[in-house]
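Since the structure comes first, as structure tokens, the remarks are kept for the end.
Quick caveat: nothing in here was measured; it's all calculated off a predicted structure. Residue numbering restarts at 1 for every chain, and letters A, B, ... go by the order of the sequence lines.
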4 protein chains.
Amino acid sequence: MKGFAMLGIGKTGWIEKERPKCGPLDAICKPLALAPCTSDVHTVWEGAIGERNDLILGHEGVGEVVEVGALVKDFKPGDKVIIPAITPDWNSVEAQGGYSMHSGGMLAGWKFSNIKDGLFAEFFHVNDADGNMALLPPGMDLAAAAMLSDMTPTGLHGSELADLQFGDKVVVVGIGPVGLMAVAGAAIRGASEIYAVGSRPNCVKVAKEFGASHIINYKHGDIVEQVLKLTDGKGVERVIIAGGDNDTFDQAVRMLQPGGAIGNINYLGEGDWIKIPRAAWGVGMGHKTINGGLMPGGRRRMEKLASLVTAGRLDPGKLITHKFNGFDKIEEALMLMKDKPADLIKPIVLL
Amino acid sequence: MKGFAMLGIGKTGWIEKERPKCGPLDAICKPLALAPCTSDVHTVWEGAIGERNDLILGHEGVGEVVEVGALVKDFKPGDKVIIPAITPDWNSVEAQGGYSMHSGGMLAGWKFSNIKDGLFAEFFHVNDADGNMALLPPGMDLAAAAMLSDMTPTGLHGSELADLQFGDKVVVVGIGPVGLMAVAGAAIRGASEIYAVGSRPNCVKVAKEFGASHIINYKHGDIVEQVLKLTDGKGVERVIIAGGDNDTFDQAVRMLQPGGAIGNINYLGEGDWIKIPRAAWGVGMGHKTINGGLMPGGRRRMEKLASLVTAGRLDPGKLITHKFNGFDKIEEALMLMKDKPADLIKPIVLL
Amino acid sequence: MKGFAMLGIGKTGWIEKERPKCGPLDAICKPLALAPCTSDVHTVWEGAIGERNDLILGHEGVGEVVEVGALVKDFKPGDKVIIPAITPDWNSVEAQGGYSMHSGGMLAGWKFSNIKDGLFAEFFHVNDADGNMALLPPGMDLAAAAMLSDMTPTGLHGSELADLQFGDKVVVVGIGPVGLMAVAGAAIRGASEIYAVGSRPNCVKVAKEFGASHIINYKHGDIVEQVLKLTDGKGVERVIIAGGDNDTFDQAVRMLQPGGAIGNINYLGEGDWIKIPRAAWGVGMGHKTINGGLMPGGRRRMEKLASLVTAGRLDPGKLITHKFNGFDKIEEALMLMKDKPADLIKPIVLL
Amino acid sequence: MKGFAMLGIGKTGWIEKERPKCGPLDAICKPLALAPCTSDVHTVWEGAIGERNDLILGHEGVGEVVEVGALVKDFKPGDKVIIPAITPDWNSVEAQGGYSMHSGGMLAGWKFSNIKDGLFAEFFHVNDADGNMALLPPGMDLAAAAMLSDMTPTGLHGSELADLQFGDKVVVVGIGPVGLMAVAGAAIRGASEIYAVGSRPNCVKVAKEFGASHIINYKHGDIVEQVLKLTDGKGVERVIIAGGDNDTFDQAVRMLQPGGAIGNINYLGEGDWIKIPRAAWGVGMGHKTINGGLMPGGRRRMEKLASLVTAGRLDPGKLITHKFNGFDKIEEALMLMKDKPADLIKPIVLL
């Protein structure tokens with residue numbers, strides 16, 4: 001079969017591979033909709049997960065089941081399914097402890113385009129099909145559904161990590177696709193004012209549609225000062241970090257109230273140390289909780305998010321700025337993600 | 001001063017009383033907007049809290065400060081303030097443990113029109129002014145603000161008690177004003193489908209505006225069966241009880257999934273026993289949590305809810321179906337609450 | 001193979017059955033230590049789970065692996081393992097939501113001696129071996145280890161359900177083996193005073209050794225009154241119910257403080273309604289949380305509990321009052337459990 | 001009156017001051033037992049809270065009430081009381097949100113020897129007496145009781161911040177008096193193995209008595225490696241930091257499992273940045289929660305901790321290595337704390 005792969009750090013291309021084998025608990029699917037992710041860009045061009053050769057990319061998409069293993073109970077060929085980016089080993093001790101994304105080791109619930117081939121192929125393999133796929137609700141837009149693989153669960157995890165409560169003020173740093181979903185998530189989890197930090201006009205527009213009450217542009221001054229000014233010097237109860245780098249934590253701690261929390265959902269690619277400012281962190285005793293975590297994946301999460309979409313609470317389809325048709329457009333879509341033109345939020349490839 | 005009071009069980013009338021004294025931590029206010037509550041009806045005509053004589057009624061409203069005690073730091077005469085129905089003793093051991101509404105004893109954070117005179121007077125007394133009043137945000141509609149005293153915090157507490165999470169399906173039993181706010185709260189705390197149980201056309205209309213995805217009418221059959229049908233026999237993760245009686249818990253448990261929770265915000269006025277069905281409750285082991293609690297009051301809660309309104313997340317003003325002008329209309333408004341005409345949700349009296 | 005079975009309601013006996021088959025994820029074990037449970041008694045003589053024919057009993061024990069399926073990674077023949085009473089389907093949506101004991105339906109994580117043959121056989125089958133067995137720590141006493149299957153995880157779940165915090169006062173109703181483990185659990189989870197309700201001298205003795213500060217004997221008067229007297233009328237923050245019946249909840253609610261919680265770990269075998277007293281439950285608003293749940297099972301739970309034993313925090317071996325040697329003594333041990341002589345806490349059969 | 005004060009950074013001495021005035025909510029007490037704290041040393045000789053002149057030191061002790069304000073309900077002259085180091089403003093919005101130690105601003109619940117005179121005086125002032133004092137239980141040892149002011153609540157807060165659960169393995173870094181109480185707290189909150197990091201023989205001895213299962217000595221190699229070796233390379237679920245500096249967080253993150261948590265209770269006196277290692281923190285997504293917080297103070301906390309002592313769960317008196325008699329010995333006791341002789345854990349002055 002054909003697949004679009006990382007050939008090595010900095011290099012991508014189309015390759016031929018054998019169609020994956022289906023174990024007794026697994027499924028083989030063919031893609032119906034695919035989306036490239038910034039993580040694919042990190043993986044290839046930054047070597048974020050180390051060297052990989054001929055690894056098929058992609059971990060966001062919707063598929064159609066073509067084969068299931070003998071022990072699979074709830075799916076059959078022909079079913080249309082949402083595929084989560086994270087497909088845990090559910091019987092691992094980590095999953096039993098509530099951290100399925102770390103099943104088998106830290107971050108090891110992330111398998112597609114990391115420790116096995118991803119979705120950018122004629123066929124892809126899903127481990128533990130009953131545990132890791134969700135039926136596509138009838139009538140759901142494929143592009144919107146593909147956003148449930150990673151953008152939506154990651155974005156909404158920001159509010160969960162930051163333990164957002166009714167009436168809290170929240171800063172969302174970064175309004176790329178994940179940050180935008182974090183804005184949407186905060187709005188439907190009870191935030192009052194949402195300060196979205198970003199500047200690109202397309203993103204700003206969607207941030208407002210998703211519920212941002214204020215846009216904070218770093219070009220207009222220090223973002224901490226802007227937040228403190230908007231909050232009468234008090235700061236906010238929650239900060240969701242969906243962009244920036246290690247230094248963003250310094251800003252986050254300084255704009256946070258005692259008793260508040262940071263939820264990081266941003267991949268930190270460089271540097272040795274995340275910067276937590278000692279004094280602003282209350283000399284160790286300010287009750288400013290710092291959390292960061294990979295999205296929860298698996299079937300239940302997909303079902304829950306899909307129900308938010310079908311109930312009309314979320315419209316992740318708004319992220320899509322570029323639509324492509326045909327399997328061979330994957331490369332173009334990925335390059336778009338790499339080049340990040342000003343009007344891009346998220347591309348989709350329909351098959 | 002003049003006040004509208006419970007003269008005894010079953011009797012109300014206008015009385016003359018001395019203006020309340022202001023202790024060093026307290027405030028004296030005059031009302032700007034007042035709303036009668038179903039609790040006032042329970043108090044007078046059902047004797048819900050026992051006999052009371054010449055007790056001034058009312059615990060929902062907005063006021064203007066006319067006097068503050070020597071130790072009050074954050075308020076001064078002329079300030080317009082939201083008054084919570086529940087005004088705890090914040091230094092009590094109960095409040096220190098997180099249950100301020102039970103400061104000094106179960107439910108004893110509820111003082112107005114219960115253990116001291118309420119708001120339906122020319123002047124009323126607020127204990128611990130710094131801890132129990134919140135500034136009215138500039139421009140906020142007085143009628144909407146008055147709904148923050150009790151309807152909104154009680155309604156939203158349903159979701160808190162039921163521990164609602166992203167994508168949960170929730171039943172809200174009862175769509176009077178509190179139930180409607182419970183619907184609104186569920187919608188902005190992450191519910192997907194919201195099944196609102198009720199039938200009055202006015203309430204149904206507002207329930208939909210507040211986010212109900214389905215209306216369940218008991219006239220169309222057993223509500224448990226209707227919910228099970230809508231959920232493919234699985235039931236829901238959360239049930240908020242905002243109406244009904246002791247038997248409603250039987251229904252709630254039967255429509256609830258294992259691992260789910262009930263949040264009761266309804267006053268239960270009669271009968272000895274709340275009915276929890278043994279078998280449907282998993283013979284004691286189904287992990288169906290049963291919670292019920294009085295609203296959290298005080299300043300912080302009011303500030304949080306007000307910020308939800310100013311940020312445009314909630315519009316409690318939609319509850320108001322009947323507006324009156326003038327202090328002497330309190331009686332008429334209360335009688336409306338007692339008589340419950342079909343088109344009533346909530347009346348307000350502006351002064 | 002030979003097994004000791006429920007022949008039908010009210011009847012037990014030795015039967016011959018085929019040795020169970022080992023699926024790709026499963027293990028077949030032979031028993032090393034077995035304990036009968038009150039649940040076995042309920043199952044046979046009360047028909048608690050309905051009619052069953054030739055169902056092998058038993059769900060507490062330690063075994064030796066004799067065969068594993070092709071997909072099992074962490075166990076091999078010869079391994080000695082602790083077997084949890086509850087062996088969930090870990091990839092189910094219920095387990096993914098944190099309620100593995102209800103995987104596949106309410107209480108359906110309980111499989112041994114319920115929906116498949118139990119441990120009282122020459123060989124028994126464990127579903128999902130990697131997820132549902134734990135290595136026996138070297139040197140651990142077999143009788144103590146067998147108490148980790150059910151008595152210990154159930155007992156400790158009481159504190160979890162009741163959300164016990166540092167310095168809380170707690171009542172444990174019932175000091176049979178589960179109640180005794182609840183006492184031990186409360187003592188190592190931060191309780192201050194532990195009021196253990198019971199009267200049998202053997203149990204009282206162990207309750208004190210496990211950390212009970214007071215013994216409350218119903219023969220000396222109403223237990224609610226005794227608890228209120230000991231707490232200056234205030235009641236306790238937590239009640240763990242490990243004995244009694246539907247009416248015990250009435251007592252529990254009346255001895256509980258607002259903001260407190262009940263954790264039920266007792267099987268409720270009869271009656272239609274659990275009795276929650278309306279007034280003492282704060283007319284629906286007293287924040288007295290009512291929880292009840294089946295023990296969490298699986299590998300991680302067994303490993304955690306085993307580490308408590310090896311670290312010297314718990315000694316569940318103290319429950320054992322009667323030791324038997326030889327497979328054929330299972331019947332005698334079970335009959336002892338049925339007859340409950342005054343000196344019995346828990347019997348064990350070593351093989 | 002006479003008091004022992006910080007005269008300026010680096011200087012202490014006896015001074016004369018007016019006896020403090022008693023406001024309507026307050027109490028004036030005379031000390032019965034006093035303990036100097038490492039914080040006093042930081043305050044004077046490291047200038048930890050900035051310059052202070054003639055500030056009476058001390059925030060740990062037991063006193064006798066000599067005067068109460070007109071609004072105080074629960075205390076009267078002659079009452080013996082435990083004084084918490086942290087005495088919040090309970091009606092503040094911060095306290096209403098669950099963070100009383102930050103009432104009025106980050107860390108501002110800490111008043112004694114910080115923003116007002118402390119306990120090392122003939123008389124001291126307690127704000128909000130009903131909310132901030134607890135009756136000394138009859139018969140409680142004064143030295144043990146004085147450890148409830150700060151050492152015990154701070155130490156136990158480590159387990160709370162780290163969210164310790166049954167059977168978790170925990171590292172406690174630092175076994176001075178606070179770290180020792182953290183060990184004791186972990187043992188009675190459900191830890192299995194407790195790895196205490198320290199070396200002084202006196203402290204090691206008490207750590208074992210309090211429940212440490214292993215002692216880790218940095219002189220025997222890198223502590224992270226030692227922990228990983230003891231845990232088969234897996235690390236621990238919880239780390240409580242009660243010693244060290246900004247770099248200790250690097251170690252803590254590296255010995256922590258995904259899904260684990262750090263609870264910091266150590267004052268961080270120097271340096272700009274707390275070091276969180278990017279890679280070991282899962283490139284931002286490892287679910288390794290970082291918490292740090294000042295102890296919860298006030299009456300309820302003192303009552304809870306006192307009940308742990310009277311129930312025999314904790315013996316904080318074991319911290320006391322040096323006893324002095326007489327008010328004038330305060331200076332000697334403080335100098336001992338400053339000089340830290342090898343055999344010191346904690347001194348006490350009885351009056």
**Prompt:** Do you know which of Met106(D), Lys288(D), Glu94(D), Met285(D) has the most heavy-atom pairs with chain A at a distance under 4.5 angstrom?
**Reply:** Met285(D)
**Asked** CG of Asp163(A) to CD1 of Ile262(A): how many Å apart, nearest 0.5 Å?
**Response** 13.5 Å
**Request:** Against chain D, work out which of Gly105(A), Gly284(A), Gly269(A) has the most heavy-atom pairs shorter than 4.5 Å and name it.
**Result:** Gly284(A)
**Request:** In plain terms, say whether Arg301(D) and Glu160(D) are close enough for a salt bridge, that is, a side-chain N and a carboxylate O under 4.0 Å apart.
**Result:** yes
**Message:** Out of Gln165(A), Met101(A), Glu237(A), return the one with the most heavy atom pairs under 4.5 angstrom to chain D.
**Reply:** Met101(A)
**Message:** Just to be sure I understand the criterion: a residue of residues 270-283 of chain D counts if one of its heavy atoms is under 4.5 Å from a heavy atom of chain A. Which ones qualify?
**Reply:** Glu270(D), Gly271(D), Asp272(D), Trp273(D), Ile274(D), Lys275(D), Ile276(D), Pro277(D), Arg278(D), Ala279(D), Ala280(D), Trp281(D), Gly282(D), Val283(D)
**Asked** Is the backbone of Leu57(A) close enough, under 3.5 Å, to the side chain of Ser113(A) for a donor and an acceptor to pair up by distance?
**Response** no
**Message:** Between the side chains of Lys111(D) and Asp89(D), is the shortest nitrogen-to-carboxylate-oxygen separation below 4.0 Å, so that they form an ion pair?
**Reply:** yes
**Item:** Interatomic distance, Leu305(D) atom CG to Arg300(D) atom CZ [nearest 0.5 angstrom]
**Value:** 11.0 Å
Report, one line per pair, each donor and acceptor closer than 3.5 Å where one atom sits in a side chain of residues 290-297 of chain A; sequence neighbours left out.
| residue | atom | partner | partner atom | Å |
| --- | --- | --- | --- | --- |
| Asn291(A) | OD1 | Thr289(D) | OG1 | 2.5 |
| Asn291(A) | ND2 | Leu161(A) | O | 2.9 |

**Request:** Please confirm whether the backbone N or O of Trp90(A) pairs with a side-chain atom of Ser100(A), one donor and one acceptor, at under 3.5 Å?
**Result:** no
**Prompt:** How about residues 36-52 of chain D versus chain A: which residues have heavy atoms under 4.5 Å apart?
**Reply:** none
**Message:** When you measure from the side chain of Asp222(D) to the backbone of Glu225(D), do you find a donor-acceptor pair of N or O atoms at a distance under 3.5 Å?
**Reply:** yes
**Fill in**
Among His287(A), His102(A), His157(A), the residue with the most heavy-atom pairs under 4.5 Å to chain D is His287(A)
**Item:** Heavy-atom check, side chain of Ile175(A) versus side chain of Leu180(A), under 4.5 Å
**Value:** yes
**Asked** Between Pro153(D) and Met302(D), is any pair of side-chain heavy atoms under 4.5 Å apart?
**Response** yes
**Heavy-atom donor-acceptor pair, Asp150(A) side chain to His59(A) backbone, under 3.5 Å** = no
**Item:** Glu193(D) side-chain N/O to Lys169(D) backbone N/O, donor-acceptor pair under 3.5 Å
**Value:** no
**Asked** For Lys234(D), is it the side chain, the backbone, both, or neither that has a heavy atom closer than 4.5 Å to a heavy atom of chain A?
**Response** neither
**Prompt:** Is any side-chain heavy atom of Pro84(A) less than 4.5 Å from a side-chain heavy atom of Thr87(A)?
**Reply:** yes
**Request:** State, yes or no, whether a side-chain contact exists between Met181(D) and Lys346(D) at a heavy-atom distance under 4.5 Å.
**Result:** no
**Item:** 4.5 Å side-chain heavy-atom contact, Asn132(D) and Arg299(D)
**Value:** no
**Item:** Residues of residues 240-260 of chain D within contact distance of chain A, non-hydrogen under 4.5 Å
**Value:** Asn246(D), Phe249(D), Asp250(D), Pro258(D), Gly259(D)
